[in-house]
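Remember, predicted model here, so these are calculated numbers, not experimental data. Letters go in sequence order (proteins before strands), and every chain restarts at 1.
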Protein chains: 2
Amino acid sequence: MSSRADARRNRQRLLETATRLFAERGAANVSMDELAAAAGVGKGTIYRSFGDRAGLALALLDESERELQEGLIRGEPPLGPGAPPPERVGAFVRAYVALLEEHVDLIVESQTASAGARYRSGAHGAWRDHLALLARTGGVDDSLLPDLILGTLDGSLYRHLRENRGFPPDLIADAVELVALGVFR
Amino acid sequence: MSSRADARRNRQRLLETATRLFAERGAANVSMDELAAAAGVGKGTIYRSFGDRAGLALALLDESERELQEGLIRGEPPLGPGAPPPERVGAFVRAYVALLEEHVDLIVESQTASAGARYRSGAHGAWRDHLALLARTGGVDDSLLPDLILGTLDGSLYRHLRENRGFPPDLIADAVELVALGVFR
DNA sequence: AACATAAACGGACTACAGTCCGCTTCTATT
DNA sequence: AATAGAAGCGGACTGTAGTCCGTTTATGTT
């Protein structure tokens, strides 16, 4: 990691403080100045550690995203290896909807900054790779379909469907699964 | 429209000036202050007319979106009425990709502002309604699938696929069509 | 322990979206 | 034509993301 201990400590404090503040008042209602003040550091320190607001959101998502990745690689089937591709696609969709349900705010924050920050994140690449692998295994074109399926799992779309249109997570997951399986037939 | 002639005139000038500036330097590189100055009005006038940046983008998109809507309602099949639903879905996808190709920047701008501005726009509702009608006609669930298909046509995703991943419009349209037809089978 | 130096810090500063409200201009009415 | 009131205007102001750079501090070296 960072060579200096104080930097690691500050980063850790920022992550903890951000988690708390975001939980208390909603990510969208916490400014970077407030976060800096609450964590007792200068604003520059946040930006040194995380680059920008999207980077902070991505860092806060990191743990949950790693867990899901772990499940995909080493978990029990059908999420992990062993089950036929269509079932694994369904399991992934459900797991990702659970992630959305818990962290929409962060996921949306991670998208808001300058064009396509999230698409270039490591986690997003992992989801794409996973779906691409399943596609190849199932004999399906793997170049664009993974991105399109992930498009149906977009954060602001999910929030819109949940909050404005009133659909429950299960129904959304069912519909996304239907779309995904339509191409994995 | 507005009751006052000067307001209509200012709105028109703003639309023309914005079109020109956006074309010259890219929408993302034109600030609201610059636009106001270039159009010779105060900044408040922009906000009175368009609400916010997303509203301005939506207004600039209006003409092209109306054309597409017109094509859906009164155009020749397969875009217009008369062809079987799956063919009409394909035609819509291609037409929408053409719209994206021409106006990604504006479409992305129309999404950037506060949560889900675009989802609540009239045009987006029209696309959803259109796909929902086709779904019903084809005996397919129409509650969520239209939104998910539109999710695969998201502006920032499209830009990412075009600019970062290097796919040409045709391939993207093919893939989206495949996804859409997968559920409309 | 003292030092050199690179890493990290912090807060003033910039640029920008969006708000607010006192002032101006249009227009319907007489 | 004069007028009153509503509609619209404009630019100073606010809040916030992100940058910049002079100052401070951690750490490896002697």
Side-chain angles (χ1 to χ4, degrees), chain A residues 1-18 21-22 25-60 105-106 108-118 120, chain B residues 1-18 21-22 25-60 105-106 108-118 120:
Chain A
M1 262 282 160
S2 313
S3 59
R4 272 173 59 163
D6 55 344
R8 275 195 302 276
R9 208 165 44 235
N10 279 333
R11 187 185 165 95
Q12 195 51 40
R13 278 184 57 158
L14 280 165
L15 288 171
E16 285 159 11
T17 309
L21 285 185
F22 284 11
R25 314 176 9 217
N29 303 312
V30 178
S31 74
M32 300 301 260
D33 283 303
E34 285 174 313
L35 172 58
V41 304
K43 204 207 294 220
T45 301
I46 304 183
Y47 285 91
R48 158 160 283 265
S49 227
F50 302 105
D52 59 11
R53 210 165 206 281
L56 172 63
L58 250 6
L60 289 168
D105 288 8
L106 287 178
V108 168
E109 290 280 338
S110 78
Q111 292 168 341
T112 42
S114 57
R118 184 159 174 76
R120 265 168 267 123
Chain B
M1 265 277 164
S2 313
S3 60
R4 273 173 61 164
D6 55 345
R8 274 195 302 275
R9 209 163 44 233
N10 279 333
R11 187 185 166 94
Q12 196 50 40
R13 278 182 60 141
L14 280 165
L15 287 172
E16 284 159 11
T17 309
L21 285 184
F22 285 11
R25 316 185 357 226
N29 303 312
V30 179
S31 73
M32 299 300 260
D33 284 301
E34 285 173 312
L35 172 58
V41 303
K43 203 207 288 223
T45 301
I46 304 183
Y47 285 91
R48 158 160 285 266
S49 227
F50 302 105
D52 59 12
R53 212 166 205 280
L56 172 63
L58 250 6
L60 289 168
D105 288 9
L106 287 177
V108 168
E109 291 279 338
S110 78
Q111 293 167 341
T112 43
S114 57
R118 184 155 174 80
R120 264 169 268 122

Protein-nucleotides 1-3 of chain C N/O pairs under 3.5 Å:
none

- Between D:dC9 and B:N10, is there an OP1 or OP2 to side-chain N/O distance shorter than 4.0 Å? yes
- Query: Separation of A:I46 atom CD1 from C:dG10 atom P, in whole Å?
  - Reply: 10 Å
- Among D:dA17, C:dG18, D:dG8, which nucleotide sits nearest the side chain of A:Y47? D:dA17
- Task: With rounding to the nearest 0.5 Å, note down the distance linking CZ in A:R13 to CG in A:D6.
- Result: 11.5 Å
- Message: How close do B:L106 and B:F22 get, counting heavy atoms only, and between which atoms?
- Response: CD2-CD2, 3.7 Å
- Item | Nearest-angstrom distance from the residue atom CZ of A:R11 to P of D:dA26 | 19 Å
- Item | Rounded distance in Å - CG (A:L56) to C1' (D:dG18) | 13 Å
Using the 3.5 Å cut-off, write out each protein N or O paired with an N or O of nucleotides 27-30 of chain D and the distance between them.
residue : atom : partner : partner atom : Å
D:dT27  : OP1  : A:A5    : N            : 2.9

- Note on the structure: Between A:E109 and A:A27 the two heavy atoms that sit nearest each other are OE2-C, 3.9 Å
Using nucleotides 11-13 of chain C, report all nitrogen or oxygen pairs with the protein that are shorter than 3.5 Å.
residue : atom : partner : partner atom : Å
C:dG11  : O6   : A:G44   : N            : 3.4

- Take atom CG of B:L35 and atom C1' of D:dG10, then tell me their distance rounded to the nearest Å. 14 Å
- Any Lys/Arg nitrogen of B:E34 or B:K43 sitting under 4.0 Å from an Asp/Glu carboxylate oxygen of the other? no
- Query: So does B:R11 pair up with B:E16, basic N to acidic O under 4.0 Å?
  - Reply: no
- Task: Output the distance between atom CG (A:D33) and atom CD1 (A:I46), rounded to the nearest 0.5 Å.
- Result: 8.0 Å
- Message: Can you measure A:R48 atom CZ to C:dC9 atom C1' for me and round it to whole angstrom units?
- Response: 8 Å
- For B:A117 and B:A54, the nearest pair of non-hydrogen atoms, with its separation, is CB-CB, 4.2 Å
- Which value, rounded to the nearest 0.5 Å, describes the distance between B:D105 atom CG and B:L60 atom CG? 11.5 Å
- Atom-to-atom span, CZ of B:R9 to P of C:dT25 - whole angstrom: 12 Å
- So, for B:L14 and B:V41, which heavy atoms are closest and what is the spacing to 0.1 Å? CD2-CG2, 3.9 Å
- Which atoms form the tightest heavy-atom contact between B:L56 and B:F50, and what is the distance? N-CB, 3.7 Å
- Round to the nearest Å and state the distance from B:F50 atom CZ to D:dG10 atom P. 14 Å
- Query: For the pair made of CE in A:M32 and P in C:dG10, what is the distance, rounded to whole Å?
  - Reply: 15 Å
- After noting the C-alpha distance and the side-chain angles of A:L58 and A:R118, does the key distance pass the side chain to side chain contact (heavy atoms under 4.5 Å, CB included) rule? CA-CA 8 Å; A:L58 250 6; A:R118 184 159 174 76; 3.6 Å; yes
